[in-house]
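Before any comments, here is the structure.
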Amino acid sequence: MPVSSPSSPRLVEDVSDWFDTHARDLPWRRADFHAEYGAWGTLVSEFMLQQTPVARVIPHLAAWLGRWPTPAATAAATPADIVQQWANLGYPRRALWLHRAAVEITQRHGGEVPRDVDALLALSGIGDYTARAVATFAFGDRHPVVDTNTRRVMARALDGKSQPGPAARRDLAEMAALLPEGDREAAVFNAAMMELGAVVCTARSPRCDQCPIVARCAWVAAGRPDTGDERRRQARYEGSDRQARGAVLKVLRDADGGEAVAEAVIHDWAGPAQRDRAIDSLIADGLVEAVDGKLRLPR
DNA sequence: TAGCCGTGGTC
DNA sequence: TGACCAAGGCT
């Protein structure tokens, strides 16, 4: 007898059925998106979705793929163009990693996004989540795809906890044990768990009255207790080096030719020490170049 | 592995 | 208002 989902077959079925009727109509879920951009489109969307909300990604994704529809086209762009086009999506190192991944795909894989998870993991900026997301959603293969939404749903429904613990390799095994047998069914279930966590089983104020598995949720059965939160808390952003880096980069993105004198990136809230620290770290990351006392986006 | 890395919306 | 949160990954 196939072990499709030993502990909760109905849970898998109900989440998948709910997804069939409630899935949001997102660009990267449309057939014409896959027909036009293939696995590269999926890969780019997943890069942008790393820690950036769906609503902010959508318009940037269309513009990006319209400009650079293939790995080869992306690889041929300059880092300056890449960082500029990334605009305010945040975490601009991701833009550089995406560019690097495009170069690697062009060099190692003949310009075709690899299907193998290990080959995907070997690309810049691709980790456990993105590698399996591409293999599953672009190629239809059967892998556990675990993001923060999936981990929260599992923590609540299966473990009776209000929030998931810190991300761990064990999450992949837990999700793998739930996956239905068929490739197609597994892909749907992966997407369904993410969707449920994103729109119903949310971090704050979950909509349990709209949940397809509320009747089998361990956390609800326990009375929705606050079981604590072991996740790391984000460092304060206001006044941080991250904010200083963001401010410096914004000046360069907005500057004519992506170039500005160092003095022009001073900010009232950042002293010269923090400014220099931000600039140095941006240079170390390859996001900024210093030439003749001027700063510019990398060429 | 813990700390770090943007930006803007939400409550 | 400020803390929390977001389809993570790298070092």
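Throughout, a chain's letter reflects where its sequence line sits, starting with A, and its residues are numbered from 1.
When each of A/Leu49 and A/Leu121 is assigned the nucleotide of DNA chain C with its nearest heavy atom, A/Leu49 is the one assigned upstream, toward the 5' end. Toward the 5′ end of DNA chain C lies the nearest nucleotide of A/Arg24, the other residue of the pair A/Arg24 and A/Trp97 mapping further downstream.
A donor-acceptor contact under 3.5 Å links the side chain of A/Thr52 to the base of B/dG6. A donor-acceptor contact under 3.5 Å is formed by the side chain of A/Gln234 with the base of C/dA6. Contact annotation: side chain of A/Arg242 to base of B/dT7, donor-acceptor pair absent below 3.5 Å.
In the displayed structure, A/Gln84 atom CD is contacted under 6.0 Å by more than 12 heavy atoms of other residues, nucleotides or ligands. When the shell of 6.0 Å around CZ of A/Arg67 is examined, it contains more than 12 heavy atoms from other residues, nucleotides or ligands.
Taking atom CG of residue A/Asn149 and atom P of nucleotide C/dA6, one finds them 7 Å apart after rounding to whole Å.
Across all strands shown, A/Leu282 has no heavy atoms under 4.0 Å from either base or sugar-phosphate atoms. At the heavy-atom level, A/Arg56 lies under 4.0 Å from base atoms of the strands shown. As judged by a 4.0 angstrom heavy-atom cut-off over every strand, A/Leu249 is placed among residues making no nucleic acid contact. Counting non-hydrogen atoms under 4.0 angstrom, A/Thr148 reaches the backbone sugars and phosphates but no base. Across all strands shown, A/Phe47 has no heavy atoms under 4.0 Å from either base or sugar-phosphate atoms.
Under the 4.0 Å criterion applied to side-chain N and carboxylate O atoms, A/Asp229 and A/Arg231 are assigned as salt-bridge partners. Checked for salt-bridge contact, A/Arg132 and A/Asp141 miss the test: no charged N lies under 4.0 Å from a carboxylate O.
B/dT1 sits 15 Å from C/dG8 when the C1' atoms are compared, rounded to a whole Å. To the nearest whole angstrom, the two P atoms, one in B/dA2 and one in C/dA7, are 23 Å apart. B/dG6 and C/dT11 have their P atoms separated by 14 Å, given to the nearest Å.
Checking the phosphate oxygens (OP1, OP2) of B/dG3, no side-chain nitrogen or oxygen of A/Arg231 falls inside 4.0 Å. Look at A/Arg236 and you won't find any side-chain N or O under 4.0 angstrom from OP1 or OP2 of C/dC4. Distances shorter than 4.0 Å separate none of the side-chain N or O atoms of A/Tyr91 from OP1 or OP2 on C/dG9. Residue A/Thr130 places at least one side-chain N or O closer than 4.0 Å to OP1 or OP2 of C/dG9. In this structure, A/Gln50 does not reach the C/dG8 phosphate: none of its side-chain N or O atoms is under 4.0 Å from OP1 or OP2. For A/Asn88, no side-chain nitrogen or oxygen approaches OP1 or OP2 of B/dT7 to under 4.0 Å. Checking the phosphate oxygens (OP1, OP2) of C/dA7, no side-chain nitrogen or oxygen of A/Arg94 falls inside 4.0 Å.
Of the residues A/His22, A/Met194, A/Arg24, the one that meets the side chain to side chain contact (heavy atoms under 4.5 Å, CB included) test with A/Val199 is A/Arg24.
Side-chain atoms of A/Asp285 never come within 3.5 Å of backbone atoms of A/Leu287 as a donor-acceptor pair (strictly under, hydrogens ignored).
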